[in-house]
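Single-structure report; data block below.
Values reported hereafter were calculated over all heavy atoms of this structure, with side chains retained and with hydrogens, waters and symmetry mates removed.
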Amino acid sequence: MCSIMGFCGSGVTFSLFKEHLDKTKSRGPDDTRIVDTGCGLLGFHRLAIMGLTPEGMQPFELNGSYVVCNGEIYCFKKLRACLSAAGYSFKSDSDCEIILPLYEKFGTDMFRMLDAEFAMIIFDAQRKSFVAARDPIGIRPLYYGYTDAGEIVFASEPKNLIGLAGKIMPFPPGHYYIDGSFVCYADMSKTDEVCHDDLETACAKIRDKLVAGIEKRLVSDAKVGFLLSGGLDSSLVCAVAARRCRRPIKTFAIGMETDAIDLKYAKQVADYIGSEHSEVIITRDDVIAALDHLIYILGTYDITTIRASMGMYLLCKAIHERTDIRVLLTGEISDELFGYKYTDFAPSPEEFQAEAAKRIRELHMYDVLRADRCISANSLEARVPFGDLDFVKYVMSLDPAMKMNVYGKGKYLLRHAFEGDWLPHDILYREKAAFSDAVGHSLVDDLKEYAASCYTDEEYEEKRMKYSHARPFTKESLLYREIFEKYYPGQSGMVAGFWMPNKSWPGCDVDDPSARVLSNYGASGE
């Protein structure tokens, strides 16, 4: 990951700007540069992944224009060849160097051309104004706010903006900002028409498109590793990568010392694919000690996000401290596309599709936020193959009646697509366990127990009523909210609310977001 920031105006000193930029130094510890565009400041913290030489350092400049970009542009070689043929001479091997010549040639139409995960801020020298944009799913973070003087400020994380801007909001995915307005250039939650491919055709395309999405994310000048929970999604990413890499891949798993569910499954997958596998064991004390700092890193009060982040953050911390890996591939975004345990209760295909669309729109506030912050806080980069744009577009377009659980097994299309020798059959068809539960049921139980010890019943009722937006509804959620407010006072609107199953569906009106409380959880926790 890298960190970017742009102050669009004259109302900040260089030293104050740098002070706020440095709050996300962990995202880019390799180098720092700030430029004065004459109309505002642009700042960049670099984590070198592609084009490791000093020439790959940002901001890039072209004819007085500048750009800072936190991203990976997977189609950059093709676009670079076209720009070279048109006479542009490149100075580095960085994928992001193509942005300014591309912008000079195509303007804001450029954003529709990118097969990429990105957040960027451009200073347009001709217009003497700033343009900002974010990828269609929001895999790379970007936030914005306005100063008291009305000047807009952009940054990779909200912690950069606390004290500079008033209300802080996430930059909407699939949009660009120009001349004071946000313009949608891509909406991944919408489909132009329903695809009626038959089962075998659909599964073949799912396999081919996911394999392609994984392959392009293996390209890196820095070392690559893999998070492996032993669940379906991360296991598939690792299995495909293991076939495509010349050397054994490096996989990493985490579990509680007392009741880790997934470690044995992760080891089974690692042995099957021949990876160099490492395990990290954590305790209750590790979990409680990390909680306050974790919520500061995340910038959320959401229960599910915090629970699921605990294992991921501590695992990435160990990877950063013990290895020289810089890039991690993860299994996020599969559930939003193919279904959670609770979507088994969807009353109709139309409701299933509407729920998938809602989850895709909100991804950047939940699972994607979790992966980004846990990984970037440890100076690593996240890559998310299930978020490949071509893959997401295809799965979202499929007839939702085909994606519902009418097969007696959730996420059947994805499982069927990889039948054969990709994974052991019992891994491929294993019931899903939520990541926070799979690290160990005791992880969630310990957090609940700790929160219960922090408040009497009377204190809980009094304190939770202070909040009108996303009002806490358990002692655990109150604890998270109070820690959040300590670091991000009055900024709860950055998150839509608590991630929960669709309470309007029969079987889903529950008071805890864990799939453990659903009647169909079954063998998921075994």
Run the side-chain contact (heavy atoms from CB on, under 4.5 Å) check on Tyr265 and Ile427 step by step: do they pass?
CA-CA 7 Å; Tyr265 299 112; Ile427 293 289; 3.9 Å; yes

Go through the steps for Val240 and Phe418 under the test side-chain contact (heavy atoms from CB on, under 4.5 Å), then give the verdict.
CA-CA 10 Å; Val240 173; Phe418 284 89; 3.9 Å; yes

Charged N-O contact under 4.0 Å between Arg46 and Asp30:
no

On a heavy-atom basis, the closest approach of Ile73 and Asp95 is N-OD2, 2.8 Å

Electrostatic pair Glu476-Lys448, nearest N-O below 4.0 angstrom
no

How are the rings of Tyr296 and His293 set relative to one another: parallel (under 30°), tilted (30 to 60°) or perpendicular (over 60°)?
tilted

Those residues that, when tested against Ser94, pass side chain to side chain contact (heavy atoms under 4.5 Å, CB included) (two or more places apart)
Phe60, Ser92, Cys96

Would you sort out whether Leu413 and Leu398 count as a side-chain contact (heavy atoms from CB on, under 4.5 Å), showing the intermediate values?
CA-CA 11 Å; Leu413 295 186; Leu398 282 172; 4.1 Å; yes

To the nearest 0.5 Å, atom OH of Tyr301 lies from atom CD of Glu482 at 14.5 Å

Would you indicate whether the side-chain heavy atoms of Leu291 and Ile288 approach each other to under 4.5 Å?
no

Look at Lys25 together with Asp22 and state whether they make a salt bridge at an N to O cut-off of under 4.0 Å.
no

Side-chain contact test, heavy atoms from C-beta onward, threshold under 4.5 Å: evaluate it for Leu218 versus Val327 and give yes or no.
no

Separation between CG of Asp335 and OG1 of Thr343, rounded to the nearest 0.5 Å
8.0 Å

Heavy atoms of other groups near Tyr487 OH, more than 12 under 6.0 Å:
yes

Would you please say whether a donor-acceptor pair under 3.5 Å links the side chains of Lys411 and Ser334?
yes

Ion pair Lys409/Glu431, N-O distance below 4.0 Å
yes

Any side-chain heavy atom of Met494 sitting closer than 4.5 Å to one from Thr300?
no

So does Trp505 get a backbone contact from the side chain of Asp509, meaning a donor-acceptor N/O pair under 3.5 Å?
no

Has Lys209 got its NZ or CZ under 6.0 Å from the middle of the six-membered ring of Phe391, at an angle within 45 degrees of the ring axis?
no

Checking Gln58 side chain against Cys69 main chain: does a donor-acceptor pair fall under 3.5 Å?
yes

Looking at Asp426, I'd like to know if its CG atom is crowded, meaning that more than 12 non-hydrogen atoms belonging to other residues, nucleotides or ligands lie closer than 6.0 Å.
yes

Are Glu381 and Arg27 within salt-bridge range, i.e. N to O under 4.0 Å?
no

From Thr251 OG1 over to Leu328 CG, what is the distance, rounded to the nearest 0.5 angstrom?
11.5 Å

Does the pair Arg373/Glu157 count as a salt bridge with the N-to-O cut at 4.0 Å?
yes

Give a yes or no on whether a salt bridge exists between Asp445 and Arg284, defined as a side-chain N under 4.0 angstrom from a carboxylate O.
no

Interatomic distance, CZ@Phe44 vs OG@Ser3, rounded to 0.5 Å, equals 8.5 Å

Would you indicate whether the side-chain heavy atoms of Val444 and Arg516 approach each other to under 4.5 Å?
yes

Verdict with supporting geometry, Thr24 and Ser156, side-chain hydrogen bond (donor to acceptor under 3.5 Å, both in side chains):
CA-CA 8 Å; Thr24 49; Ser156 289; 5.8 Å; no

Under 4.0 Å between a Lys/Arg side-chain N and an Asp/Glu carboxylate O for Glu72 and Arg383?
yes

Considering only heavy atoms from C-beta outward, does the side chain of Asn160 approach that of Tyr143 to under 4.5 Å?
no

Tell me the closest heavy-atom pair linking Ile49 and Arg326, and the distance in Å.
CD1-CB, 3.8 Å

Backbone N or O of Lys341 within a donor-acceptor pair of the Asn520 side chain at under 3.5 Å?
yes

Between Tyr394 (side chain) and Leu389 (backbone), is there a donor-acceptor pair under 3.5 Å?
no

So Arg243 and Asp421, side-chain contact (heavy atoms from CB on, under 4.5 Å) or not? Walk me through it.
CA-CA 11 Å; Arg243 288 195 181 190; Asp421 60 353; 2.4 Å; yes

Met113 and Leu79, any side-chain heavy atoms less than 4.5 Å apart:
yes

Do Arg80 and Asp93 come close enough that some side-chain heavy atom pair is under 4.5 Å?
yes

Is there a donor-acceptor pair closer than 3.5 Å between any side-chain N or O of His45 and the backbone N or O of Leu21?
yes

Roughly how far, to the nearest 0.5 Å, is CG of Leu369 from OG of Ser309?
7.5 Å

Side chains of Ser379 and His320: is there a donor and an acceptor less than 3.5 Å apart?
no

Atom of Glu355, atom of Asn502 and distance for their closest heavy-atom approach
OE1-ND2, 2.9 Å

Does NZ belonging to Lys486 count more than 12 external heavy atoms closer than 6.0 Å?
yes

Would Arg359 pass as a cation-pi partner of Trp499, given that its NZ or CZ must be under 6.0 Å from the six-membered ring centre and within 45 degrees of the axis?
yes

Given 3.5 Å as the limit, does a donor-acceptor pair link the side chain of Asn70 with the main chain of Arg140, or not?
no

Salt-bridge test for Asp388 and Arg217: reply yes if a basic N is under 4.0 Å from a carboxylate O, no otherwise.
yes

Ser477 side chain near Phe498 side chain, heavy-atom distance below 4.5 Å
yes

If you round to the nearest 0.5 Å, how far is CG of Leu443 from CG of Asp259?
9.0 Å

Under 6.0 Å from the NZ atom of Lys77, do we count more than 12 heavy atoms belonging to anything else shown?
no

Apply side-chain hydrogen bond (donor to acceptor under 3.5 Å, both in side chains) to Tyr366 and Glu336, showing your working.
CA-CA 11 Å; Tyr366 301 107; Glu336 285 77 10; over 6 Å; no

How about Tyr412 and Phe338: are their ring centroids closer than 6.0 Å?
no

I want to check a possible cation-pi pair here: Arg134 against Phe118, using under 6.0 Å from ring centre and within 45° of the ring axis as the test.
no

Any donor-acceptor pair under 3.5 Å linking the side chain of Thr191 with the backbone of Val194?
no

CA sep, side-chain torsions, deciding dist, call: His416, Glu200, side-chain hydrogen bond (donor to acceptor under 3.5 Å, both in side chains):
CA-CA 9 Å; His416 186 55; Glu200 297 306 323; 2.8 Å; yes

